[in-house]
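Here the structure is a predicted model, which is why all the values come from computation and not from measurement. Lettering follows sequence order; numbering is per chain, from 1.
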Amino acid sequence: MTDILLGILVMLVRMAVVLAVVFGLAAYMILVERKLLGRFQVRYGPNRVGLFGLLQPIADGLKMLLKEDIVPDGVDRRIFLVAPAIVAGAALFAFAVVPFGPTFTLFGRPVPQVITDTDVGLLLIFGLSSLAVYGVALGGWTSDNKYSLLGGVRGAAQMISYELALGLALVPVAMTAHSLNLTDIVNAQARLPFAIAQPVAFLIFIISSLAETNRIPFDLPEAENELQAGFHTEYSGMRFALFFVGEYVNMILLGSVTAIFFLGGWHGPFLPPILWFGLKVLAVPVFLIWTRASLPRLRYDQLMALGWKCLVPLGLANILVTGALLAAGL
Amino acid sequence: MTALGALFYLLSAVMLAAAALAATRRNPIHAVCCAVIAFLASAGVFVTLGAPLPGALQVVVYAGAIMVLFLFIIMLLGLPVGKGMVPAARLVAPGVFAAATLTALFSLIAMDPAGRISLQAATAAPAAVGVVLFGDYWLAVEAVSLLLFAALAAVLLLGKARQESPKGGNPA
């Protein structure tokens, strides 16, 4: 009985730690983005709240909580209220299968640094990322606003298209690692990260995951100058913030997933594993912010052409080549 | 009852209730949402039975891909939104069909002794499923992919014919 209770306690502590770290990172990622964008645009960025503006995320959170939560007339109330939670929830749920480091021993028991170590981790992350479409599409549809509807339809079409390329980019990873288990995939990269062994898959993965997170240059669902703010035009207060936090949690999830699938996870010289993992996880959002500051938005037909005519055929060819190399025993 | 058993019955109840709502809602978006909940609950049921692979596939394929397409089509069509429930008279014929199919399915499973071990196959690891699927059933897999390719080509052809119609006229 004590064993079961202890197991539940350890599980709860692990979940709490993961949630706290992810939320903290998401809040400060917003500050990092604003600071970096400021520097890219030759200005300071937020620096008034606290030292160097370090308390800015807390001030933003308080402001959002205190704002009125407006539900416009004519919306489908239940769906309107739930849609933002789907975006944030799906991203948070995916952290259940993300391993943060190798198993270590505490008080003589092995403590794995992952909430659930499952054989279908890759599929589950993929499935949860596809559930996020519902938040965008339903939020856009239910707002009873033509800009929101256009944003929702765009978001759904874009995420369905790029999911395909994303899946095709992950197939060679699973083929080379001989497993769908995320811990096994990381351990398969002990010598050489897949970013070097599978450069084409890495490229396809990065581009299509940019599109999956709806960020510039792929932020057509919320394109400000044509759709106001797309699917979240009608949202205010904390519900708007939930969409916003969902996007940043998604960026961190993307960082973790990229680190696990392509950058060798926690493997690296000199530094302790958890530090390596953290560095790799944070490198990806910084790259995303840099891309946002550097590239203009694509046109919608360019977006679809890139996905279907370029990334999908390239992904299929890459699987064929990987299969041939594996069959040849290389 | 163990904790896992309680979870199984809870998820089954959610699944049945969501499926019943999905079949009877007149608002198509609500029906799709209920169907998604039913699929997610069935994924949970698979996991409580110790079969994570069918559970994950349920999320990826049904909840994550097929129902998104349904939602997408409904949003594009912009149908007038109905309220409440489909009239009970219209549910009789589909209900009878569904009951007959279910009875036939359960009696077939009960008659076949191999049916009792079907759960064992479902709990297999992903690699084992792949070996069986592409080893023993490769012909069926290829036939299905050919069928899907034919559907894809047909849609492409229909879409193209519509684009090339003379300007000004309404091709639809």
Side-chain angles (χ1 to χ4, degrees), chain A residues 4 8 74 76 78-80 82-83 86 89-90 93-94 97 116-138 140-142 144 146 148-161 163-164 167 174-175 177-181 184 231 308, chain B residues 2-4 21 25 27-37 39-40 43-44 46-47 50-79 81-83 122-131 134 145 152 156 159:
Chain A
I4 294 177
I8 291 174
D76 195 316
R78 265 175 294 183
I79 296 182
F80 186 83
V82 169
I86 300 175
F93 197 61
V97 292
T116 44
D117 194 20
T118 163
D119 273 346
V120 291
L122 192 150
L123 287 176
L124 209 59
I125 282 194
F126 193 59
L128 287 168
S129 90
S130 59
L131 287 187
V133 185
Y134 286 110
V136 172
L138 288 175
W141 174 80
T142 187
D144 199 24
K146 53 177 170 284
S148 298
L149 180 64
L150 283 173
V153 171
R154 275 186 184 186
Q158 171 178 334
M159 286 162 104
I160 294 170
S161 307
E163 228 159 68
L164 199 64
M175 283 164 80
H178 299 288
S179 175
L180 298 175
N181 183 315
D184 290 350
F231 60 92
W308 288 101
Chain B
T2 61
L4 216 56
L21 283 174
R25 291 301 94 185
N27 184 333
I29 299 268
H30 287 184
V32 167
C33 292
C34 291
V36 171
I37 294 170
F39 282 128
L40 291 180
F46 275 122
V47 174
L53 182 65
L57 289 180
Q58 198 82 7
V59 176
V60 174
V61 179
Y62 291 98
I66 292 180
M67 293 325 284
V68 172
L69 286 181
F70 270 76
L71 189 70
F72 190 61
I73 299 295
I74 292 170
M75 279 166 64
L76 273 185
L77 290 179
L79 296 171
V81 175
K83 270 210 168 92
T123 53
V129 174
V131 167
F134 293 102
S145 64
L152 198 69
L156 212 64

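- When heavy atoms are compared at a cutoff of 4.5 Å, B/V61 does not approach chain A at all.
- For B/I74, no part sits under 4.5 Å from any heavy atom of chain A, backbone or side chain.
- Top candidate by heavy-atom pairs under 4.5 Å with chain B, chosen from A/L138, A/V153, A/N181, A/L149, is A/V153.
- Annotation for B/L71 and A/A137: closest pair CD2-CB, 3.8 Å, computed over non-hydrogen atoms.
- Neither the backbone nor the side chain of A/A132 comes within less than 4.5 Å of any heavy atom in chain B.
- For A/V133, the part sitting under 4.5 Å from any heavy atom of chain B is the side chain, from C-beta outward, and nothing else.
- Looking at B/A127, there are no atoms closer than 4.5 Å to chain A (heavy atoms on both sides), in backbone or side chain.
- Heavy atoms closer than 4.5 Å to chain B are found in the side chain of A/I79, but not in its backbone.
- Heavy atoms only, all atoms of each residue included: A/I160 and B/L69 are closest at CD1-CD2, 3.8 Å.
- Within the structure, side-chain hydrogen bond (donor to acceptor under 3.5 Å, both in side chains) contacts touching residues 53-73 of chain B (residues at least two apart or in different chains) are B/S42-B/Q58.
- Listed for the A/Y134 side chain is no donor-acceptor partner under 3.5 Å among the backbone atoms of B/C33.
- Of all the heavy atoms in A/S130 and B/G64, the pair that sits closest is OG-CA, 3.5 Å.
- Put simply, of A/L124, A/L180, A/L131, the one with the most heavy-atom pairs under 4.5 Å next to chain B is A/L131.
- With a 4.5 Å cut-off on non-hydrogen atoms, B/L53 touches chain A through its backbone and its side chain both.
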